[in-house]
Amino acid sequence: MRLLLLSWGIGALTDFLDDAAPGPRSAVRLGYLNDAALPYGDAVFTAIETARLTELGYRPEVVTARDYTSPEAFAARLDALDALYVCGGETYVLLHHLRRHGLDVVLADKVRAGLPYIGLSAGSVLAGASTEPVSLMDDVAAAPGLTDLRGLGLLEASVVPHSDGQIPQYPAEIIAEIDARYSPRMPLIMLPDDQALLVTDADVTPIPSR
């Protein structure tokens with residue numbers, strides 16, 4: 001199992017993908033799971049996220065979980081990729097689109113079987129044990145009917161991105177409230193914007209990612 005979990009900086013991405021999918025970057029079949037960004041349309045941060053990948057030489061292939069009703073079809077799409085990048089945005093929209101047809105189980109199984117996984121912000125939260133701690137950052141009501149806030153469970157802890165409080169929407173006060181409310185009852189990994197988590201099987205290692 002190989003995961004790279006990012007908050008905002010993507011400096012660690014190229015080494016991760018060069019190792020996971022050797023060869024010319026333009027030839028890497030990099031899926032770009034975009035469901036978390038769908039509520040934001042053409043917002044600046046979504047454009048930046050895709051542009052950064054393109055500037056590094058990759059040709060991301062958009063994958064939208066919302067469009068799949070068949071777990072088998074979704075599994076086949078993942079099998080055609082060298083790696084999957086799960087973008088930032090609204091965590092609970094992402095979780096809802098994956099869960100309503102069992103695609104979350106498919107995705108977790110594929111990653112455990114060896115599909116390299118890159119998550120940024122919401123994509124990093126999704127990989128963890130629970131998304132509940134970021135309910136103070138994102139809006140559960142954006143996914144009406146979603147009651148199960150478990151993540152993919154690829155880590156035993158829950159990931160809280162932007163934990164250095166540098167993004168105006170997620171100031172230090174919110175990060176402190178998340179820590180106070182949730183750390184007494186579940187393990188949290190606080191992930192600053194200039195760091196990443198490199199996950200290989202049972203090892204979780206913080207690394208620089210500016």
Side-chain angles (χ1 to χ4, degrees), residues 1-38 40-68 73-91 94 97-98 103 106-128 152 154-155 159 161-162 167 189 191-201 203-210:
M1 187 169 69
R2 290 182 290 183
L3 297 86
L4 181 69
L5 305 182
L6 308 166
S7 181
W8 180 246
I10 63 168
L13 183 143
T14 52
D15 284 349
F16 178 82
L17 276 178
D18 287 349
D19 180 63
R25 292 177 185 174
S26 61
V28 175
R29 297 171 299 174
L30 178 62
Y32 185 87
L33 190 66
N34 70 337
D35 291 74
L38 294 178
Y40 296 96
D42 296 326
V44 171
F45 83 89
T46 64
I48 290 173
E49 203 170 343
T50 54
R52 292 193 299 180
L53 295 175
T54 302
E55 288 167 2
L56 289 172
Y58 301 104
R59 297 177 180 174
E61 305 174 16
V62 173
V63 179
T64 304
R66 182 186 62 185
D67 296 341
Y68 288 83
F74 187 63
R77 184 69 184 96
L78 296 182
D79 285 340
L81 301 173
D82 295 316
L84 181 69
Y85 181 106
V86 183
C87 79
E90 179 51 65
T91 300
L94 168 63
H97 288 173
L98 286 167
L103 308 185
V106 173
L107 177 53
D109 287 347
K110 292 297 182 184
V111 175
R112 290 191 177 99
L115 176 66
Y117 178 107
I118 302 158
L120 185 137
S121 192
S124 293
V125 175
L126 177 72
L152 297 180
L154 301 171
L155 287 77
V159 179
H162 316 301
I167 294 181
I189 297 177
L191 186 58
D193 283 336
D194 61 354
Q195 287 188 10
L197 296 177
L198 179 62
V199 182
T200 55
D201 296 323
D203 294 328
V204 181
T205 307
I207 60 174
S209 189
R210 291 180 171 81

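Side chains are part of it too, since the values below use all heavy atoms of this structure and drop only hydrogens, waters and symmetry mates.
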Using a 4.5 Å cut-off on heavy atoms from C-beta on, say whether the side chain of [Y] contacts that of [X].
{"X": "Leu30", "Y": "Arg59", "result": "no"}
{"X": "Asp193", "Y": "Ile167", "result": "yes"}
{"X": "Thr14", "Y": "Arg25", "result": "yes"}
{"X": "Arg52", "Y": "Leu13", "result": "no"}
{"X": "Thr205", "Y": "Thr200", "result": "no"}
{"X": "Leu107", "Y": "Tyr117", "result": "yes"}
{"X": "Lys110", "Y": "Asp79", "result": "yes"}
{"X": "Ile189", "Y": "Val204", "result": "yes"}

Nearest atoms (heavy-atom pairs only) where [X] meets [Y]:
{"X": "Leu152", "Y": "Ala108", "value": "O-CB, 4.0 Å"}
{"X": "Asn34", "Y": "Val62", "value": "ND2-CG1, 3.6 Å"}
{"X": "Val63", "Y": "Gly31", "value": "CG2-CA, 4.3 Å"}
{"X": "Tyr32", "Y": "Pro60", "value": "CB-CB, 3.9 Å"}
{"X": "Val159", "Y": "Val125", "value": "O-CG2, 3.6 Å"}
{"X": "Ala65", "Y": "Leu103", "value": "O-CD1, 3.5 Å"}

Supply the atom-to-atom distance [X] [atom1] to [Y] [atom2], rounded to the nearest 0.5 angstrom.
{"X": "Leu6", "Y": "Ile207", "atom1": "CG", "atom2": "CD1", "result": "8.0 Å"}
{"X": "Ile118", "Y": "Ile10", "atom1": "CD1", "atom2": "CD1", "result": "9.5 Å"}
{"X": "Glu61", "Y": "Leu84", "atom1": "CD", "atom2": "CG", "result": "10.5 Å"}

Begin with the C-alpha distance, continue with both residues' side-chain angles, and end with the deciding distance and a verdict on side-chain contact (heavy atoms from CB on, under 4.5 Å) for Leu38 and Thr64. CA-CA 9 Å; Leu38 294 178; Thr64 304; 3.9 Å; yes
Are the side chain of [X] and the backbone of [Y] linked by a donor-acceptor contact shorter than 3.5 Å?
{"X": "Asp194", "Y": "Ser209", "value": "no"}
{"X": "Ser7", "Y": "His162", "value": "yes"}
{"X": "Asp35", "Y": "Leu94", "value": "no"}
{"X": "Ser124", "Y": "Gly119", "value": "yes"}
{"X": "Tyr85", "Y": "Leu120", "value": "no"}

Would Leu78 and Val106 satisfy side-chain contact (heavy atoms from CB on, under 4.5 Å), going step by step from the backbone distance to the final call? CA-CA 9 Å; Leu78 296 182; Val106 173; 4.2 Å; yes
More than 12 heavy atoms from other groups under 6.0 Å of CG on Asp42: no
Does CZ belonging to Arg112 count more than 12 external heavy atoms closer than 6.0 Å? yes
Tell me which donor-acceptor pairs under 3.5 Å the side chains of residues 15-23 have, and how far apart each pair is, sequence neighbours excluded?
none

